[in-house]
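Each remark here refers to the structure printed beneath this line.
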There are 2 protein chains.
Amino acid sequence: MRRNIEFNKKVKIILVDDNFDHLLGIRELVNLEGNFEVIATATNANIAINLVKKYQPDVILMDINMPEKDGLTAISEIERLNLGTKIIALTGYDDPDLIFRAMKIGAKGYILKTMASAQLIYAIEEVMQGKIYLPSGLSSRFFEYFQKSFKEETATNTNQENLLQYLTQREEEVLELLTQGVTYKGVAQQLFISETTVKTHVNNIFQKLQVNDRTQAVLYAINNGFLNRKKLKIAI
Amino acid sequence: MRRNIEFNKKVKIILVDDNFDHLLGIRELVNLEGNFEVIATATNANIAINLVKKYQPDVILMDINMPEKDGLTAISEIERLNLGTKIIALTGYDDPDLIFRAMKIGAKGYILKTMASAQLIYAIEEVMQGKIYLPSGLSSRFFEYFQKSFKEETATNTNQENLLQYLTQREEEVLELLTQGVTYKGVAQQLFISETTVKTHVNNIFQKLQVNDRTQAVLYAINNGFLNRKKLKIAI
DNA sequence: AGGTTTCTAGATCTAAAGATCTAGATATCA
DNA sequence: TGATATCTAGATCTTTAGATCTAGAAACCT
(Lines give C-alpha, C1' and ligand atoms only; values in the text may rest on other atoms or scores of the structure.)
Protein backbone atom coordinates (compact mmCIF):
# COMPACT_ATOMS: atom_id res chain seq x y z
CA MET A 1 0.00 0.00 0.00
CA ARG A 2 1.01 3.54 -0.53
CA ARG A 3 1.05 4.22 3.16
CA ASN A 4 3.55 1.53 3.84
CA ILE A 5 5.85 2.45 1.03
CA GLU A 6 6.10 6.00 2.22
CA PHE A 7 6.18 5.16 5.88
CA ASN A 8 9.83 5.98 6.42
CA LYS A 9 9.61 9.21 4.56
CA LYS A 10 6.69 10.82 6.33
CA VAL A 11 7.43 13.34 9.01
CA LYS A 12 5.73 12.23 12.23
CA ILE A 13 4.07 15.10 14.02
CA ILE A 14 2.34 15.46 17.37
CA LEU A 15 0.05 18.41 18.06
CA VAL A 16 -0.51 19.87 21.50
CA ASP A 17 -3.19 22.48 22.11
CA ASP A 18 -5.77 22.83 24.84
CA ASN A 19 -8.29 24.12 22.31
CA PHE A 20 -9.77 21.08 20.64
CA ASP A 21 -11.16 22.94 17.63
CA HIS A 22 -7.83 24.50 16.99
CA LEU A 23 -6.25 21.08 17.20
CA LEU A 24 -8.53 19.77 14.48
CA GLY A 25 -7.85 22.75 12.29
CA ILE A 26 -4.11 22.35 12.45
CA ARG A 27 -4.34 18.62 11.93
CA GLU A 28 -6.37 19.14 8.80
CA LEU A 29 -3.92 21.69 7.54
CA VAL A 30 -0.78 19.67 8.24
CA ASN A 31 -2.19 16.44 6.83
CA LEU A 32 -2.83 18.17 3.53
CA GLU A 33 0.91 18.11 3.01
CA GLY A 34 1.85 14.75 1.56
CA ASN A 35 5.05 14.47 3.55
CA PHE A 36 3.55 15.20 6.94
CA GLU A 37 1.50 12.98 9.17
CA VAL A 38 -0.10 13.92 12.45
CA ILE A 39 0.31 10.71 14.45
CA ALA A 40 -1.22 11.99 17.68
CA THR A 41 -2.78 14.98 19.39
CA ALA A 42 -3.03 16.06 23.01
CA THR A 43 -4.96 18.72 24.86
CA ASN A 44 -2.60 18.99 27.79
CA ALA A 45 1.13 18.87 28.39
CA ASN A 46 1.31 15.75 30.54
CA ILE A 47 -0.47 13.61 27.98
CA ALA A 48 1.76 15.12 25.33
CA ILE A 49 4.91 14.07 27.15
CA ASN A 50 3.72 10.49 27.38
CA LEU A 51 2.81 10.46 23.71
CA VAL A 52 6.27 11.73 22.85
CA LYS A 53 7.91 8.93 24.84
CA LYS A 54 5.68 6.38 23.14
CA TYR A 55 5.80 7.52 19.52
CA GLN A 56 9.04 9.50 19.32
CA PRO A 57 7.76 11.97 16.74
CA ASP A 58 9.96 14.08 14.49
CA VAL A 59 8.19 17.31 15.25
CA ILE A 60 5.94 18.67 17.97
CA LEU A 61 3.72 21.68 17.54
CA MET A 62 3.21 22.92 21.05
CA ASP A 63 0.81 25.57 22.22
CA ILE A 64 2.63 27.23 25.09
CA ASN A 65 -0.38 29.01 26.56
CA MET A 66 -2.07 26.19 28.37
CA PRO A 67 -3.54 25.89 31.84
CA GLU A 68 -2.09 23.39 34.33
CA LYS A 69 1.40 22.52 33.20
CA ASP A 70 2.49 25.25 30.85
CA GLY A 71 4.05 24.67 27.49
CA LEU A 72 7.50 25.97 28.36
CA THR A 73 7.88 23.45 31.15
CA ALA A 74 6.70 20.73 28.79
CA ILE A 75 9.30 21.77 26.22
CA SER A 76 12.01 21.55 28.87
CA GLU A 77 10.94 18.09 29.89
CA ILE A 78 10.77 16.83 26.33
CA GLU A 79 14.18 18.31 25.58
CA ARG A 80 15.55 16.46 28.56
CA LEU A 81 14.48 13.18 26.98
CA ASN A 82 17.05 13.83 24.28
CA LEU A 83 15.09 12.15 21.53
CA GLY A 84 16.05 14.77 18.97
CA THR A 85 12.45 15.83 18.67
CA LYS A 86 12.09 19.24 17.04
CA ILE A 87 9.69 21.42 18.96
CA ILE A 88 7.91 24.38 17.45
CA ALA A 89 6.26 26.72 19.91
CA LEU A 90 2.84 27.97 18.98
CA THR A 91 1.17 30.92 20.67
CA GLY A 92 -1.01 33.93 20.25
CA TYR A 93 1.45 36.39 21.70
CA ASP A 94 4.67 37.78 20.33
CA ASP A 95 5.94 38.61 23.78
CA PRO A 96 9.73 38.93 23.43
CA ASP A 97 10.37 37.38 26.82
CA LEU A 98 8.28 34.38 25.88
CA ILE A 99 10.08 34.00 22.58
CA PHE A 100 13.43 34.30 24.30
CA ARG A 101 12.60 31.74 26.94
CA ALA A 102 11.24 29.29 24.42
CA MET A 103 14.38 29.49 22.31
CA LYS A 104 16.51 29.29 25.40
CA ILE A 105 15.11 25.96 26.47
CA GLY A 106 15.50 24.49 23.03
CA ALA A 107 12.50 25.25 20.83
CA LYS A 108 13.51 25.02 17.17
CA GLY A 109 10.80 27.35 16.00
CA TYR A 110 8.22 29.84 17.21
CA ILE A 111 5.18 30.94 15.29
CA LEU A 112 2.06 32.89 16.02
CA LYS A 113 -1.38 31.39 15.60
CA THR A 114 -2.35 34.41 13.56
CA MET A 115 0.28 33.69 10.98
CA ALA A 116 -0.52 32.20 7.60
CA SER A 117 -0.73 28.46 7.39
CA ALA A 118 1.98 28.41 4.74
CA GLN A 119 4.36 29.72 7.35
CA LEU A 120 3.59 26.81 9.64
CA ILE A 121 4.33 24.32 6.86
CA TYR A 122 7.52 26.15 5.99
CA ALA A 123 8.60 26.14 9.63
CA ILE A 124 8.19 22.38 9.83
CA GLU A 125 10.24 21.92 6.69
CA GLU A 126 12.99 24.15 8.02
CA VAL A 127 13.32 22.55 11.43
CA MET A 128 13.32 19.12 9.78
CA GLN A 129 16.44 20.24 7.98
CA GLY A 130 18.02 21.00 11.31
CA LYS A 131 17.49 24.71 11.02
CA ILE A 132 15.81 27.07 13.42
CA TYR A 133 12.82 28.95 12.14
CA LEU A 134 11.77 32.32 13.44
CA PRO A 135 9.55 34.60 11.35
CA SER A 136 11.49 37.76 10.67
CA GLY A 137 9.32 39.84 12.96
CA LEU A 138 9.85 37.49 15.87
CA SER A 139 13.51 37.14 15.15
CA SER A 140 13.85 40.91 15.47
CA ARG A 141 12.06 40.80 18.78
CA PHE A 142 14.28 38.00 19.93
CA PHE A 143 17.44 39.89 19.14
CA GLU A 144 16.19 43.08 20.72
CA TYR A 145 15.51 41.23 23.91
CA PHE A 146 18.77 39.34 23.68
CA GLN A 147 20.82 42.50 23.37
CA LYS A 148 18.83 44.28 26.02
CA SER A 149 19.55 41.50 28.48
CA PHE A 150 23.26 41.88 28.00
CA LYS A 151 23.23 45.61 28.10
CA GLU A 152 21.57 45.54 31.50
CA GLU A 153 23.94 42.90 32.71
CA THR A 154 27.08 44.76 31.77
CA ALA A 155 25.68 48.13 32.80
CA THR A 156 26.15 47.34 36.47
CA ASN A 157 29.72 46.23 35.89
CA THR A 158 30.99 49.12 33.84
CA ASN A 159 30.01 51.98 36.08
CA GLN A 160 33.24 51.62 38.00
CA GLU A 161 36.61 50.06 37.57
CA ASN A 162 37.23 46.43 38.21
CA LEU A 163 39.31 46.12 41.36
CA LEU A 164 40.17 42.54 40.48
CA GLN A 165 42.86 43.83 38.17
CA TYR A 166 45.02 44.86 41.11
CA LEU A 167 45.27 41.35 42.52
CA THR A 168 48.57 39.55 42.16
CA GLN A 169 48.75 36.09 40.69
CA ARG A 170 48.95 34.42 44.08
CA GLU A 171 46.07 36.47 45.38
CA GLU A 172 43.99 35.35 42.44
CA GLU A 173 44.77 31.75 43.25
CA VAL A 174 43.71 32.29 46.84
CA LEU A 175 40.54 34.10 45.79
CA GLU A 176 39.65 31.31 43.42
CA LEU A 177 39.74 28.87 46.29
CA LEU A 178 37.67 31.23 48.41
CA THR A 179 35.02 31.22 45.68
CA GLN A 180 34.83 27.48 46.20
CA GLY A 181 34.15 27.83 49.89
CA VAL A 182 37.54 26.58 51.04
CA THR A 183 38.74 27.49 54.56
CA TYR A 184 42.10 29.00 55.49
CA LYS A 185 43.39 25.58 56.37
CA GLY A 186 42.17 24.14 53.09
CA VAL A 187 43.75 26.89 51.04
CA ALA A 188 47.03 26.42 52.93
CA GLN A 189 47.06 22.73 52.12
CA GLN A 190 46.18 23.14 48.48
CA LEU A 191 48.76 25.85 47.85
CA PHE A 192 51.41 24.25 50.09
CA ILE A 193 51.86 27.38 52.20
CA SER A 194 51.22 28.10 55.85
CA GLU A 195 47.87 29.20 57.18
CA THR A 196 49.21 32.55 58.28
CA THR A 197 50.46 33.22 54.77
CA VAL A 198 46.98 32.56 53.50
CA LYS A 199 45.63 35.02 56.03
CA THR A 200 48.08 37.61 54.82
CA HIS A 201 46.99 37.11 51.24
CA VAL A 202 43.33 37.18 52.17
CA ASN A 203 43.76 40.39 54.12
CA ASN A 204 45.47 41.96 51.13
CA ILE A 205 42.63 40.79 48.91
CA PHE A 206 40.10 42.38 51.24
CA GLN A 207 41.90 45.70 51.11
CA LYS A 208 42.24 45.64 47.35
CA LEU A 209 38.61 44.73 46.81
CA GLN A 210 37.50 47.06 49.60
CA VAL A 211 35.50 44.44 51.44
CA ASN A 212 35.42 43.18 55.01
CA ASP A 213 35.02 39.43 54.79
CA ARG A 214 35.32 36.47 52.49
CA THR A 215 31.65 36.33 51.57
CA GLN A 216 31.80 39.86 50.25
CA ALA A 217 35.03 39.07 48.44
CA VAL A 218 33.42 36.07 46.77
CA LEU A 219 30.41 38.13 45.80
CA TYR A 220 32.61 40.84 44.36
CA ALA A 221 34.54 38.26 42.38
CA ILE A 222 31.38 36.71 40.97
CA ASN A 223 29.75 40.00 40.12
CA ASN A 224 32.82 41.27 38.38
CA GLY A 225 33.53 38.40 36.08
CA PHE A 226 36.24 36.65 38.04
CA LEU A 227 34.82 33.19 37.43
CA ASN A 228 34.10 33.94 33.81
CA ARG A 229 37.75 34.53 33.11
CA LYS A 230 38.84 31.45 34.98
CA LYS A 231 36.23 28.86 34.15
CA LEU A 232 34.17 28.01 31.13
CA LYS A 233 30.67 28.96 32.21
CA ILE A 234 29.31 30.99 29.34
CA ALA A 235 28.13 34.10 31.04
CA ILE A 236 25.79 35.28 28.34
CA MET B 1 23.74 71.93 -4.64
CA ARG B 2 22.49 68.40 -4.79
CA ARG B 3 24.66 67.43 -1.92
CA ASN B 4 23.12 69.94 0.40
CA ILE B 5 19.59 69.17 -0.55
CA GLU B 6 19.98 65.51 0.15
CA PHE B 7 22.18 65.97 3.18
CA ASN B 8 19.64 64.91 5.70
CA LYS B 9 18.57 61.90 3.75
CA LYS B 10 21.90 60.23 3.14
CA VAL B 11 22.95 57.46 5.46
CA LYS B 12 26.34 58.36 6.95
CA ILE B 13 28.69 55.41 7.00
CA ILE B 14 32.14 54.83 8.44
CA LEU B 15 34.27 51.92 7.26
CA VAL B 16 36.85 50.21 9.43
CA ASP B 17 39.24 47.63 7.98
CA ASP B 18 42.96 47.15 8.38
CA ASN B 19 43.24 46.17 4.73
CA PHE B 20 43.39 49.40 2.76
CA ASP B 21 42.49 47.81 -0.59
CA HIS B 22 39.48 46.18 0.92
CA LEU B 23 38.48 49.52 2.36
CA LEU B 24 38.55 51.14 -1.06
CA GLY B 25 36.54 48.30 -2.54
CA ILE B 26 33.77 48.56 -0.01
CA ARG B 27 33.70 52.34 -0.22
CA GLU B 28 33.27 52.12 -3.97
CA LEU B 29 30.50 49.62 -3.59
CA VAL B 30 28.61 51.48 -0.91
CA ASN B 31 28.87 54.85 -2.58
CA LEU B 32 27.21 53.41 -5.67
CA GLU B 33 24.02 53.40 -3.67
CA GLY B 34 22.44 56.81 -3.92
CA ASN B 35 21.27 56.87 -0.32
CA PHE B 36 24.56 55.90 1.23
CA GLU B 37 27.62 57.97 1.83
CA VAL B 38 30.93 56.85 3.25
CA ILE B 39 31.96 59.85 5.29
CA ALA B 40 35.18 58.38 6.69
CA THR B 41 37.39 55.33 6.79
CA ALA B 42 39.86 53.97 9.29
CA THR B 43 42.45 51.22 9.27
CA ASN B 44 42.48 50.64 13.01
CA ALA B 45 40.01 50.61 15.83
CA ASN B 46 41.31 53.54 17.86
CA ILE B 47 41.10 55.93 14.95
CA ALA B 48 37.67 54.57 14.20
CA ILE B 49 36.42 55.35 17.70
CA ASN B 50 37.60 58.94 17.42
CA LEU B 51 35.94 59.29 14.03
CA VAL B 52 32.71 58.00 15.48
CA LYS B 53 32.78 60.57 18.26
CA LYS B 54 33.49 63.31 15.76
CA TYR B 55 31.06 62.48 12.96
CA GLN B 56 28.39 60.40 14.71
CA PRO B 57 27.65 58.19 11.70
CA ASP B 58 24.48 56.20 11.22
CA VAL B 59 26.23 52.97 10.39
CA ILE B 60 29.66 51.46 10.95
CA LEU B 61 31.01 48.57 8.94
CA MET B 62 33.62 47.06 11.20
CA ASP B 63 36.13 44.41 10.33
CA ILE B 64 36.52 42.45 13.56
CA ASN B 65 39.73 40.68 12.62
CA MET B 66 42.23 43.41 13.17
CA PRO B 67 45.60 43.46 14.92
CA GLU B 68 46.15 45.70 17.96
CA LYS B 69 42.78 46.54 19.40
CA ASP B 70 40.36 43.98 18.08
CA GLY B 71 37.02 44.79 16.53
CA LEU B 72 34.89 43.31 19.29
CA THR B 73 36.43 45.59 21.88
CA ALA B 74 35.92 48.52 19.55
CA ILE B 75 32.25 47.62 19.16
CA SER B 76 31.86 47.53 22.93
CA GLU B 77 33.42 50.95 23.30
CA ILE B 78 31.31 52.49 20.58
CA GLU B 79 28.18 50.97 22.07
CA ARG B 80 29.09 52.52 25.37
CA LEU B 81 28.99 55.95 23.75
CA ASN B 82 25.27 55.43 23.27
CA LEU B 83 25.06 57.39 20.04
CA GLY B 84 22.62 54.97 18.46
CA THR B 85 25.17 54.04 15.85
CA LYS B 86 24.33 50.78 14.10
CA ILE B 87 27.35 48.52 13.86
CA ILE B 88 27.67 45.75 11.31
CA ALA B 89 30.45 43.26 11.95
CA LEU B 90 32.46 42.20 8.96
CA THR B 91 34.73 39.19 8.95
CA GLY B 92 36.06 36.29 6.98
CA TYR B 93 35.04 33.63 9.46
CA ASP B 94 31.65 32.24 10.35
CA ASP B 95 32.84 31.10 13.74
CA PRO B 96 29.69 30.71 15.87
CA ASP B 97 31.40 31.94 19.00
CA LEU B 98 32.50 35.09 17.20
CA ILE B 99 29.00 35.67 15.85
CA PHE B 100 27.52 35.12 19.26
CA ARG B 101 29.91 37.50 20.99
CA ALA B 102 29.42 40.18 18.37
CA MET B 103 25.65 40.05 18.75
CA LYS B 104 25.98 39.94 22.50
CA ILE B 105 27.83 43.21 22.69
CA GLY B 106 25.37 44.95 20.41
CA ALA B 107 26.26 44.45 16.75
CA LYS B 108 23.17 44.94 14.61
CA GLY B 109 24.45 42.79 11.80
CA TYR B 110 27.11 40.29 10.88
CA ILE B 111 28.22 39.45 7.37
CA LEU B 112 31.03 37.55 5.78
CA LYS B 113 33.45 39.18 3.40
CA THR B 114 32.84 36.37 0.97
CA MET B 115 29.18 37.24 0.71
CA ALA B 116 27.66 39.02 -2.24
CA SER B 117 27.79 42.78 -2.21
CA ALA B 118 24.02 42.93 -2.53
CA GLN B 119 23.80 41.33 0.89
CA LEU B 120 25.93 44.08 2.39
CA ILE B 121 23.68 46.76 0.95
CA TYR B 122 20.62 44.91 2.14
CA ALA B 123 22.10 44.58 5.61
CA ILE B 124 22.64 48.33 5.83
CA GLU B 125 19.08 48.98 4.76
CA GLU B 126 17.75 46.57 7.34
CA VAL B 127 19.72 47.89 10.29
CA MET B 128 18.76 51.44 9.32
CA GLN B 129 15.17 50.36 9.85
CA GLY B 130 16.08 49.26 13.34
CA LYS B 131 16.19 45.61 12.47
CA ILE B 132 18.96 43.13 13.04
CA TYR B 133 20.38 41.46 10.00
CA LEU B 134 21.93 38.02 10.03
CA PRO B 135 22.24 36.00 6.82
CA SER B 136 20.22 32.82 7.30
CA GLY B 137 23.30 30.64 7.49
CA LEU B 138 24.81 32.74 10.27
CA SER B 139 21.54 33.01 12.06
CA SER B 140 21.38 29.22 12.24
CA ARG B 141 24.87 29.12 13.64
CA PHE B 142 23.97 31.75 16.16
CA PHE B 143 20.97 29.83 17.41
CA GLU B 144 22.85 26.56 17.58
CA TYR B 145 25.46 28.18 19.72
CA PHE B 146 22.85 29.98 21.77
CA GLN B 147 20.97 26.81 22.59
CA LYS B 148 24.14 24.86 23.23
CA SER B 149 25.26 27.44 25.78
CA PHE B 150 22.07 27.03 27.74
CA LYS B 151 22.02 23.31 27.55
CA GLU B 152 25.46 23.14 29.10
CA GLU B 153 24.52 25.65 31.71
CA THR B 154 21.41 23.85 32.86
CA ALA B 155 23.06 20.43 32.60
CA THR B 156 24.99 21.04 35.79
CA ASN B 157 21.90 22.21 37.63
CA THR B 158 19.51 19.45 36.69
CA ASN B 159 21.59 16.48 37.75
CA GLN B 160 20.23 16.73 41.25
CA GLU B 161 17.35 18.30 43.09
CA ASN B 162 17.36 21.86 44.18
CA LEU B 163 17.67 21.92 47.95
CA LEU B 164 16.54 25.55 48.03
CA GLN B 165 12.96 24.37 47.82
CA TYR B 166 13.07 23.12 51.41
CA LEU B 167 13.84 26.53 52.88
CA THR B 168 11.09 28.30 54.79
CA GLN B 169 10.15 31.86 53.96
CA ARG B 170 12.16 33.26 56.84
CA GLU B 171 15.15 31.19 55.94
CA GLU B 172 14.98 32.53 52.41
CA GLU B 173 14.99 36.06 53.76
CA VAL B 174 18.04 35.30 55.87
CA LEU B 175 19.80 33.61 52.96
CA GLU B 176 19.10 36.57 50.75
CA LEU B 177 20.90 38.80 53.20
CA LEU B 178 23.76 36.33 53.41
CA THR B 179 24.13 36.56 49.63
CA GLN B 180 24.72 40.26 50.17
CA GLY B 181 27.53 39.66 52.58
CA VAL B 182 25.65 40.78 55.69
CA THR B 183 26.87 39.61 59.11
CA TYR B 184 24.77 37.98 61.83
CA LYS B 185 24.43 41.32 63.53
CA GLY B 186 23.40 42.98 60.31
CA VAL B 187 20.78 40.37 59.54
CA ALA B 188 19.41 40.68 63.06
CA GLN B 189 19.02 44.42 62.69
CA GLN B 190 17.42 44.27 59.28
CA LEU B 191 14.92 41.58 60.21
CA PHE B 192 14.29 42.98 63.71
CA ILE B 193 15.15 39.72 65.41
CA SER B 194 17.89 38.74 67.82
CA GLU B 195 21.31 37.61 66.72
CA THR B 196 20.82 34.16 68.19
CA THR B 197 17.65 33.71 66.19
CA VAL B 198 19.60 34.51 63.07
CA LYS B 199 22.16 31.91 64.06
CA THR B 200 19.41 29.36 64.47
CA HIS B 201 18.06 30.12 61.02
CA VAL B 202 21.50 30.05 59.47
CA ASN B 203 22.27 26.69 61.04
CA ASN B 204 19.03 25.32 59.69
CA ILE B 205 19.90 26.68 56.27
CA PHE B 206 23.29 24.97 56.41
CA GLN B 207 21.71 21.65 57.20
CA LYS B 208 19.09 21.95 54.50
CA LEU B 209 21.61 22.96 51.86
CA GLN B 210 24.15 20.44 53.19
CA VAL B 211 26.95 22.97 53.54
CA ASN B 212 29.28 23.97 56.35
CA ASP B 213 29.56 27.73 56.19
CA ARG B 214 28.00 30.85 54.79
CA THR B 215 30.29 31.13 51.81
CA GLN B 216 29.27 27.70 50.62
CA ALA B 217 25.63 28.54 51.28
CA VAL B 218 25.92 31.68 49.17
CA LEU B 219 27.65 29.76 46.39
CA TYR B 220 24.94 27.11 46.48
CA ALA B 221 22.27 29.77 46.30
CA ILE B 222 23.89 31.47 43.34
CA ASN B 223 24.58 28.28 41.43
CA ASN B 224 21.05 27.07 41.90
CA GLY B 225 19.14 30.07 40.76
CA PHE B 226 18.27 31.64 44.08
CA LEU B 227 19.10 35.17 42.98
CA ASN B 228 17.40 34.69 39.65
CA ARG B 229 14.09 34.07 41.30
CA LYS B 230 14.48 36.98 43.66
CA LYS B 231 16.06 39.71 41.61
CA LEU B 232 15.81 40.79 38.05
CA LYS B 233 19.19 39.73 36.68
CA ILE B 234 18.36 37.84 33.54
CA ALA B 235 20.30 34.67 33.98
CA ILE B 236 20.37 33.55 30.37
C1' DA C 1 -7.45 19.04 71.19
C1' DG C 2 -3.11 17.30 69.89
C1' DG C 3 0.67 16.98 66.57
C1' DT C 4 3.62 19.65 63.30
C1' DT C 5 5.91 23.41 61.44
C1' DT C 6 7.77 27.83 61.87
C1' DC C 7 9.72 31.63 64.15
C1' DT C 8 11.61 33.14 68.04
C1' DA C 9 15.67 33.30 71.52
C1' DG C 10 18.51 32.07 75.35
C1' DA C 11 23.09 29.75 77.13
C1' DT C 12 27.52 27.83 76.18
C1' DC C 13 31.44 26.49 73.86
C1' DT C 14 34.84 25.71 70.09
C1' DA C 15 36.59 26.85 65.86
C1' DA C 16 37.40 29.89 62.35
C1' DA C 17 38.00 34.35 60.59
C1' DG C 18 39.96 38.76 60.51
C1' DA C 19 43.22 42.82 62.08
C1' DT C 20 47.80 44.31 62.78
C1' DC C 21 52.58 44.39 63.01
C1' DT C 22 57.01 42.63 61.89
C1' DA C 23 60.24 40.55 58.80
C1' DG C 24 63.05 37.50 55.79
C1' DA C 25 63.74 35.78 50.78
C1' DT C 26 63.36 36.62 45.84
C1' DA C 27 62.68 38.87 41.86
C1' DT C 28 62.28 42.86 39.05
C1' DC C 29 63.22 47.25 37.44
C1' DA C 30 65.36 51.62 36.98
C1' DT D 1 72.82 48.82 43.53
C1' DG D 2 69.01 50.49 45.81
C1' DA D 3 64.00 50.90 45.59
C1' DT D 4 59.76 48.18 44.85
C1' DA D 5 56.72 44.36 44.57
C1' DT D 6 55.68 39.74 45.73
C1' DC D 7 55.50 35.72 48.45
C1' DT D 8 56.42 33.89 52.53
C1' DA D 9 55.37 33.34 57.75
C1' DG D 10 55.49 34.22 62.60
C1' DA D 11 53.09 36.31 66.98
C1' DT D 12 49.07 38.19 69.11
C1' DC D 13 44.61 39.55 69.82
C1' DT D 14 39.58 40.55 68.88
C1' DT D 15 35.67 39.47 66.64
C1' DT D 16 32.56 36.48 63.97
C1' DA D 17 30.98 32.25 62.88
C1' DG D 18 29.24 27.92 63.76
C1' DA D 19 27.57 23.72 66.77
C1' DT D 20 24.39 22.13 70.07
C1' DC D 21 20.77 22.00 73.22
C1' DT D 22 16.63 23.76 75.19
C1' DA D 23 12.27 26.03 74.88
C1' DG D 24 8.29 29.24 74.44
C1' DA D 25 4.69 31.35 71.21
C1' DA D 26 1.95 31.28 67.20
C1' DA D 27 -0.01 29.22 63.12
C1' DC D 28 -1.82 25.33 60.73
C1' DC D 29 -3.58 21.02 59.80
C1' DT D 30 -6.40 16.94 60.99
Side-chain angles (χ1 to χ4, degrees), chain A residues 161-227 229-231, chain B residues 161-227 229-231:
Chain A
E161 68 174 333
N162 193 338
L163 298 174
L164 290 171
Q165 66 183 305
Y166 301 120
L167 297 184
T168 68
Q169 199 179 338
R170 201 54 160 174
E171 285 162 357
E172 284 190 357
E173 294 176 57
V174 173
L175 180 55
E176 189 174 358
L177 291 173
L178 290 191
T179 62
Q180 293 166 21
V182 183
T183 62
Y184 281 137
K185 199 179 290 180
V187 175
Q189 284 173 358
Q190 289 197 44
L191 297 184
F192 303 107
I193 53 179
S194 88
E195 203 175 325
T196 51
T197 303
V198 178
K199 287 193 177 188
T200 308
H201 286 313
V202 170
N203 265 292
N204 290 333
I205 291 171
F206 289 168
Q207 285 182 18
K208 287 185 179 177
L209 301 187
Q210 296 166 19
V211 297
N212 301 311
D213 55 61
R214 58 176 58 209
T215 309
Q216 289 175 4
V218 168
L219 290 170
Y220 187 94
I222 290 171
N223 291 327
N224 292 82
F226 182 72
L227 294 178
R229 291 187 314 204
K230 293 281 173 188
K231 289 188 181 181
Chain B
E161 66 174 333
N162 193 338
L163 298 174
L164 290 171
Q165 64 182 306
Y166 301 120
L167 297 183
T168 68
Q169 199 179 339
R170 201 55 158 172
E171 284 162 357
E172 283 191 358
E173 293 177 57
V174 173
L175 180 55
E176 190 173 359
L177 291 173
L178 290 191
T179 62
Q180 292 165 22
V182 183
T183 63
Y184 282 137
K185 199 179 290 181
V187 175
Q189 283 173 0
Q190 290 198 44
L191 297 185
F192 303 107
I193 53 180
S194 89
E195 203 175 325
T196 51
T197 304
V198 178
K199 288 193 176 187
T200 307
H201 286 313
V202 170
N203 266 292
N204 291 333
I205 292 171
F206 289 169
Q207 284 182 16
K208 287 184 180 178
L209 301 187
Q210 296 168 18
V211 296
N212 301 310
D213 55 61
R214 59 176 58 209
T215 309
Q216 290 175 4
V218 168
L219 289 170
Y220 186 95
I222 291 172
N223 289 328
N224 293 83
F226 181 72
L227 295 177
R229 290 187 313 207
K230 293 281 172 186
K231 290 188 179 179

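Note on naming: letters A, B, ... go to the chains in the order of the sequence lines (proteins, then strands), and numbering restarts at 1 for each one.
- Put simply, NZ on B/Lys199 and CG on B/Asn204 are 14.0 Å apart, with the number rounded to the nearest 0.5 Å.
- Along DNA chain C, the nucleotide closest to B/Glu171 and the one closest to A/Lys199 are compared, and the more 5′ of them pairs with B/Glu171.
- Straight-line distance from the CZ atom of B/Arg170 to the P atom of D/dA26: 16 Å, rounded to whole Å.
- In the helix from C/dA1-D/dT30 to C/dA30-D/dT1, the end axes, each obtained as the rotation axis mapping the C1' atoms of four pairs onto the next four within a five-pair block, lie 50° apart to the nearest 10 degrees.
- Side chain of A/Arg214, nearest nucleotide from D/dT8, C/dA9, C/dG18: C/dG18.
- Taking atom OH of B/Tyr166 as the reference point, atom P of C/dT6 lies 13 Å away to the nearest angstrom.
- Between A/His201 and A/Ile193 there is a side-chain heavy-atom pair separated by less than 4.5 Å.
- For the side chain to side chain contact (heavy atoms under 4.5 Å, CB included) test with B/Val187, the passing option among B/Val182, B/Leu175, B/Val202, B/Thr197 is B/Val182; the others fail.
- The minimum heavy-atom distance between A/Lys208 and A/Tyr166, with the atom names listed, is NZ-O, 3.0 Å.
- Between the CD atom of A/Gln207 and the C1' atom of D/dA5 there is a distance of 15 Å, rounded to whole Å.
- Contact between the side-chain N/O atoms of A/Thr197 and the OP1/OP2 oxygens of D/dA9 is found at a separation under 4.0 Å.
- In this structure, CG of A/Leu177 is placed 13 Å from P of C/dA17, rounded to the nearest angstrom.
- Spacing between atom CD of A/Gln189 and atom P of C/dA16 amounts to 11 Å, rounded to whole angstrom units.
- Nearest nucleotide to the B/Asn203 side chain, out of D/dA17, D/dT20, D/dA9: D/dT20.
- For the pair B/Lys185 NZ and D/dT15 P, the interatomic distance rounds to 9 Å; values are reported in whole Å.
- Nearer to the 5' terminus of DNA chain C, by closest-nucleotide assignment, is the contact made by B/His201 (compared with the other of B/Asp213 and B/His201).
- We find that CD of B/Glu172 is positioned 12 Å from P of C/dT6, with the value rounded to whole Å.
- The shortest distance between the side-chain N/O atoms of A/Ser194 and the OP1/OP2 oxygens of D/dT8 is not below 4.0 Å.
- Counting non-hydrogen atoms under 4.0 angstrom, A/Thr168 reaches the backbone sugars and phosphates but no base.
- Per the geometry, CG belonging to B/Leu191 stands 11 Å off P belonging to C/dA9, to the nearest Å.
- Counting heavy atoms from C-beta outward, B/Arg170 and B/Glu173 have side chains that approach closer than 4.5 Å.
- Here C/dG18 is the nucleotide among D/dA9, C/dA9, C/dG18 with the atom lying nearest to any side-chain atom of A/Phe206.
- Comparing D/dG10, D/dA17, C/dT8 by their nearest atom to the side chain of B/Tyr184 picks out D/dA17.
- Annotation: side chain of B/Leu191 is in contact with side chain of B/Leu177 (closest heavy-atom distance under 4.5 Å).
- Side-chain contact between B/Ile222 and A/Leu219: present, with at least one pair of heavy atoms (C-beta onward) separated by less than 4.5 Å.
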